[in-house]
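All ligand and atom numbering here is 1-based and tracks the order in the structure. Bear in mind the structure is a predicted one, so any value in this text is a computation, not a measurement. If you read the sequence from its start, that first residue is 1, and numbering goes on from there.
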Amino acid sequence: MGKDRSGRVTRDGIKIYQDADFAGMQKAGAVAAQILDEVIPMVEPGQTTGAIDDFIRNRVTELGSTSATIGYKGYQHASCISVNHVVCHGIPGDKRLKDGDILNIDVTVIVDGWYGDTSRMFVAGKLPRRAERLIQVTHDSLMRGIEAVKPGNTFGDIGHAIQSYVESHRMSVVRDFCGHGLGRVFHAPPNVLHYGRAGSGPVLEEGMFFTIEPMVNLGRPETKVLADDWTAVTRDKSLSAQFEHSVGVTADGVEIFTLSPSDKFHPTY
Ligand code: MF3
Ligand code: CO
Ligand code: CO
């Protein structure tokens, strides 16, 4: 066991967790990631997003966890499923997937009080070329952001790594939604921005837990929320993609809590 950091909160309101707390996040993260692995064969043309959500809801319970999203601010589903130009918070329903649709599925579970939050992209049928590029750049931008996580770097370094990579590919980073601290709560400080200036923002410290979850658009970055008060879409109707991991800052870098158990995080497995 390393240093005792019990109870510490930084001046930015970011909780510092203990070495022993990493085990809680590992369990929760593994359950969320396993469920996304299990969903893969269901994502096919003709399938409804509601049926995928029903499967997720059942697996959450069967694996001894609880859904963090059911009942969260009135949300009624075990996942968010965001198809094509939906940026995030898509509500599962009766709509059937079509060949070439790309979708993000986002699952958050609670295991022994710890939150595991992850999302990734899936494809129904044949992946269109434009969508393939978007998915690749979005995935790689998350990984670049994660590579910037180590004590002494700042949250701005994460945002800068993501933004500079995405914009070098002439795509845009969504500004209206961000990552977040988590742990024994779903959403905690800080807001983890997916854009920014190197060296800006709070300094990363060992024991911080948070998500990184960049949303990337093929067109402009602006979004709007539909009348259902959840579904966020691109204003210009361009395609959007997102990947999300829950991570912890270690003594010399980062631990990813939501790695895919069968190494199927990226949809071109
Ligand atoms: N899992 C989402 C996130 O990454 C939050 C979903 S909240 C919900 O933070 F209510 F829409 F499910
Ligand atoms: Co999240
Ligand atoms: Co999420």
Inset, instruction - Could you tell me if any non-hydrogen atom of His77 lies under 4.0 Å from any atom of ligand 1? - result: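 The answer is no: ligand 1 sits nowhere under 4.0 Å from a heavy atom of His77.
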Inset, instruction - Determine whether any heavy atom of Thr211 lies closer than 4.0 Å to an atom of ligand 1. - result: no
Legend entry - Interatomic spacing from OG1 in Thr250 to NZ in Lys150 - rounded to 0.5 Å: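 The distance works out to 11.0 Å.
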Inset, instruction - Check whether any N, O or S atom of His180, backbone or side chain, sits closer than 2.8 Å to the Co ion (ligand 2). - result: yes
Legend entry - Under 2.8 Å: N/O/S of Glu244 next to the Co ion (ligand 2):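 Given the 2.8 Å cut-off, Glu244 counts as a ligand of the Co ion (ligand 2).
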Legend entry - Arg5/Glu205 ion pair, N-O < 4.0 Å: no
Inset, instruction - Mind checking whether Glu213 contacts ligand 1 via backbone (N, CA, C, O), side chain (CB onward), both or neither, at a 4.0 Å heavy-atom cut-off? - result: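 For Glu213, only side-chain atoms sit under 4.0 Å from ligand 1.
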Inset, instruction - Kindly indicate, with the supporting measurements, whether the criterion salt bridge (Lys or Arg N to Asp or Glu O under 4.0 Å) is fulfilled by Arg144 and Glu147. - result: CA-CA 5 Å; Arg144 296 232 172 177; Glu147 281 168 21; 5.4 Å; no
Distance-only N or O hit between ligand 1 and [X], under 3.5 Å:
X	value
Tyr75	no
Thr108	yes
Asp117	yes

Legend entry - Which N, O or S atom of Asp117 lies nearest to the Co ion (ligand 3), by name: OD1
Short side-chain to backbone donor-acceptor contact, [X] and [Y], under 3.5 Å:
X	Y	answer
Asn58	Phe55	no
Asp37	Ser262	yes
Tyr165	Met143	no
Ser79	Val107	no
Asn104	Ala241	no

Could you list the atoms of ligand 1 found under 4.0 angstrom from a heavy atom of [X]?
X	answer
Cys80	6 (C), 8 (C), 11 (F), 12 (F)
Thr69	12 (F)
His180	3 (C), 4 (O), 9 (O)
Phe186	1 (N), 5 (C)
Glu244	4 (O)

Legend entry - Among the N, O or S atoms of Glu213, the one nearest the Co ion (ligand 2):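 Considering only N, O and S atoms, Glu213 comes nearest to the Co ion (ligand 2) through OE2.
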Legend entry - Taking atom 2 (C) of ligand 1 as the reference point, the nearest protein heavy atom with its distance: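 Ranked first by proximity to atom 2 (C) of ligand 1 is Asp106 OD2, 3.4 Å.
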Inset, instruction - Dump the intermediate steps for ring pair (Phe, Tyr, Trp, His ring centres under 6.0 Å) on His180 and Tyr115, then the final yes or no. - result: CA-CA 12 Å; His180 48 93; Tyr115 285 70; 9.4 Å; no
Legend entry - Residue pair Arg96, Asp101: steps toward the salt bridge (Lys or Arg N to Asp or Glu O under 4.0 Å) verdict: CA-CA 10 Å; Arg96 289 184 193 283; Asp101 279 350; over 6 Å; no
Inset, instruction - May I ask you to check if any N/O/S atom from Asp106 comes under 2.8 Å of the Co ion (ligand 3)? - result: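 Of the N, O and S atoms in Asp106, at least one lies under 2.8 Å from the Co ion (ligand 3), which means yes.
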